[in-house]
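Report on the following structure.
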Amino acid sequence: PSISDAELIQAWTQVLGLSGMAAGQSVTVLTSSETNRQTMRCAIIAAGLKGLVVNRLDLQPTNGGLSLSRDPLAYVGTTPLTGNRAAMAILKESDLVLDLMTLLFSPEQHEILASGGRILLAVEPPEVLVRLLPTLQDRDRVLAASAVLRAARSMHVTSDAGTDMQCALGDFPILEEYGFCDRPGRWDHWPSGFLATWSNEGSANGTIVLDRGDILLPHKSYVRDPITCTIRNGYVTDISGGLDADLLKSYMDSFHDPEAYALSHVGWGLQDRAHWSVMGFYDSENTIGMDPRAVAGNFLWSTGPNNEAGGTRDTACHIDIPMRNCTVMLDGRPVVEKGRVI
Ligand SMILES: O=c1ccc(O)c[nH]1
């Protein structure tokens, strides 16, 4: 079953409304070769119906010859905006950028936000966008969790599979993702419903064991045989296990960048309408895997860049790893218990 234009226009109308966009404001729809045409068409119609001044900026794809994956989140840091002054001029003048091509982790994204703009990323298939349509309740849930995370100074993650990792928190901002941009300077991602922060540089230590069924992104694979990741002073120093481990390790090694093994953001999922099984129903190139990233009760950790959070690490290799059945404690207090949100 697919989504009708009417449904998708309604969905865009709700997201633009939640973002507080008013008639006369300007929206630039950012597209590229992989942009879903129905998503683009319905975004433009919904923005027009709201009386917004709508422009579309189509950018040339980049990194195609560098990335080993077609997933836009696989090779991050440089984008079609890198060095593209004309494109930056229109985007910095826009009140809202609808990113239908994926700028995530780019310095240009920060530049646009710093000029008071808003950026909403939306590249999942239309039916996923509609099923995970953001609500005010999503925002309230994420912001409530964010207040707890912001106050925390340490995170301790454990699991029956053998995960036991600790890290210090507090040096980086909180990444709040609830699917709409309700104030200037905000980036968000529709669909989402989760939060994260970055561990203090060099502070993560212990072991993370990816159990059967945990997920690797951008691989879009459900782990079959456990992968044991050794974490020392903020870096993954060893990856061992079976074929899954070999595939992960050889992929990360292909970047020839020691920074690729650094721990990046750590957080947990709060989206009850996201499901673990969804990724298995999609060809791997037809989704970026937001269901596993957002599913309520996951522990989501990642490796690679922290420039997103104001850090200096801009490695191109970014791996997102949503895990089930973990217990996440902040200053000794559980926020997720064996995969269930407290
Ligand atoms: O929405 C996203 C997607 C990927 C990621 O690493 C963070 N947030």
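Note that ligands are numbered from 1 as they come in the structure, with each ligand's atoms numbered from 1 the same way.
With no hydrogens or angles considered, a side-chain donor-acceptor pair links Ser154 and Asp331 at under 3.5 Å. A donor-acceptor contact under 3.5 angstrom links the side chains of Asn63 and Thr78, judged on distance only. Judged by distance alone, the side chains of Asp71 and Tyr75 never bring a donor and an acceptor atom under 3.5 Å apart.
Close approach of ligand 1 to Arg293 (heavy-atom distance below 4.0 Å) involves ligand atoms 3 (C), 4 (C). Counting the atoms of ligand 1 from 1 in the order shown, those under 4.0 Å from a heavy atom of Trp187 are 1 (O). Ligand-side atoms of ligand 1 in range of His189: 1 (O), 2 (C), 3 (C), range being under 4.0 angstrom from any heavy atom. Close approach of ligand 1 to Met290 is summarised as follows: ligand atoms under 4.0 Å from at least one heavy atom of the residue are 1 (O).
A salt bridge does not link Arg118 with Asp99: none of the charged nitrogens is closer than 4.0 Å to a carboxylate oxygen.
The aromatic rings of Trp198 and Phe172 are tilted relative to each other, their planes meeting at an angle between 30° and 60°.
Asp320 OD2, 3.2 Å is the protein heavy atom nearest to atom 4 (C) of ligand 1. For atom 8 (N) of ligand 1, the nearest non-hydrogen atom of the protein is Glu177 OE2, 2.7 Å. Among protein heavy atoms, the minimum distance from atom 6 (O) of ligand 1 is reached at His318 NE2, 2.6 Å.
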List the steps, then state whether ring pair (Phe, Tyr, Trp, His ring centres under 6.0 Å) holds for Trp268 with Trp301. CA-CA 8 Å; Trp268 67 99; Trp301 68 290; over 10 Å; no
